[in-house]
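Just below is one structure, and these are the notes that go with it.
Every value quoted in this text rests on a predicted model; they were computed, and no experiment measured them.
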Amino acid sequence: MSENTNRSGEKLWTLPFILVLIVGVISGAATQMVTPLIMEYSVKLGAPMTIAATIASVISITALFLRPFCGMLSDKVNRHTMLMISTALAGVCVLGYSFAATPGMMVGIRIAHGVAFAFMGVSNMAFATDYIPASRMGEGIGWFGLSVIVAQAFGPGL
């Protein structure tokens, strides 16, 4: 019996599961890559330091309040579509920071990025469970959680 199969013969490390992990790491790292730059960029746009710190934290506050609703929605709509739309919106937001000309625009982009981040995280996790065998759900969720931590750890440095 290989390490990829359990007693029932169910494989965890399938191509779809690996691809979901890769998408999660890349999209999570992209979100974290801009985090260290937001405060400095906001100050350069004319925001005082306290406002710049608030701008930097808006993504977390937005995601915190939206996550419960994202979870309910992920049970009702197509997870693949939700993941694709939220990942695309996150990409647009990451690019949008470079076009922000005022602190107010930065706040708007951070809120939109928070919405995308909330939906992306929930839908990616829900989507991953579609490819984890029931008998290996704990292990699969553990690996998925580790991939999120890797993205958060290495994203800012990239």
Side-chain angles (χ1 to χ4, degrees), residues 13 16-132 137-158:
W13 294 99
F17 179 67
I18 292 168
L19 291 175
V20 169
L21 286 178
I22 291 170
V23 167
V25 168
I26 291 171
S27 59
T31 297
Q32 296 302 320
M33 286 169 67
V34 298
T35 301
L37 306 172
I38 294 300
M39 277 187 57
E40 183 180 342
Y41 190 56
S42 297
V43 168
K44 284 185 180 179
L45 292 176
M49 189 60 77
T50 54
I51 299 300
T54 303
I55 291 170
S57 65
V58 166
I59 188 173
S60 300
I61 295 166
T62 304
L64 174 71
F65 287 110
L66 283 179
R67 286 271 169 124
F69 302 106
C70 299
M72 289 186 292
L73 191 60
S74 74
D75 292 334
K76 295 178 176 24
V77 300
N78 184 308
R79 294 171 180 167
H80 183 263
T81 302
M82 192 166 136
L83 179 60
M84 296 298 287
I85 290 170
S86 61
T87 303
L89 178 59
V92 168
C93 290
V94 168
L95 291 173
Y97 292 123
S98 62
F99 296 105
T102 66
M105 289 176 74
M106 287 291 287
V107 170
I109 295 169
R110 288 302 271 180
I111 290 170
H113 202 173
V115 170
F117 184 70
F119 278 96
M120 188 172 56
V122 169
S123 60
N124 204 13
M125 175 68 79
F127 195 59
T129 62
D130 290 343
Y131 299 107
I132 300 172
M137 191 60 69
E139 180 185 2
I141 295 296
W143 282 109
F144 185 84
L146 182 62
S147 74
V148 171
I149 292 167
V150 167
Q152 290 178 342
F154 291 107
L158 292 174

Where [X] and [Y] come nearest, the two heavy atoms and their spacing:
X: A128; Y: V20; value: CB-CG1, 3.6 Å
X: M106; Y: A100; value: SD-CB, 3.5 Å
X: N124; Y: V23; value: ND2-C, 4.2 Å
X: A151; Y: G28; value: CB-C, 3.9 Å
X: P103; Y: G46; value: CG-C, 4.3 Å
X: M120; Y: L83; value: O-CD1, 4.0 Å

Could you tell me if the side chain of [Y] sits less than 4.5 Å from the side chain of [X], heavy atoms only?
X: L73; Y: F119; answer: yes
X: I38; Y: Y97; answer: yes
X: L45; Y: T102; answer: no
X: M125; Y: V148; answer: no
X: M84; Y: N78; answer: no
X: L21; Y: Y131; answer: no
X: M33; Y: F154; answer: no

As an exercise, state the distance from [atom1] of [X] to [atom2] of [Y], rounded to the nearest 0.5 Å.
X: D130; Y: F17; atom1: CG; atom2: CZ; value: 12.0 Å
X: S74; Y: K76; atom1: OG; atom2: NZ; value: 9.5 Å
X: L64; Y: I59; atom1: CG; atom2: CD1; value: 12.5 Å
X: I55; Y: Y41; atom1: CD1; atom2: OH; value: 11.0 Å
X: S27; Y: I22; atom1: OG; atom2: CD1; value: 11.5 Å

Would you confirm whether R79, through its side chain, and A126, through its main-chain N or O, come within 3.5 Å as a donor-acceptor pair?
yes

Can you check whether T54's main-chain N or O pairs, donor with acceptor, with S57's side chain at less than 3.5 Å?
yes

Evaluate the side-chain contact (heavy atoms from CB on, under 4.5 Å) criterion for residues R110 and V34: first the C-alpha distance (whole Å), next the side-chain angles of each, then the deciding distance (0.1 Å), finally the verdict.
CA-CA 11 Å; R110 288 302 271 180; V34 298; 4.1 Å; yes

Check the orientation of H80 and F127. Use parallel for under 30°, tilted for 30 to 60°, and perpendicular for over 60°.
tilted

Is atom CE of M39 surrounded by more than 12 heavy atoms (other residues, nucleotides or ligands) closer than 6.0 Å?
yes

Answer yes or no: does atom CE of M49 have more than 12 heavy-atom neighbours from other residues, nucleotides or ligands under 6.0 Å?
no

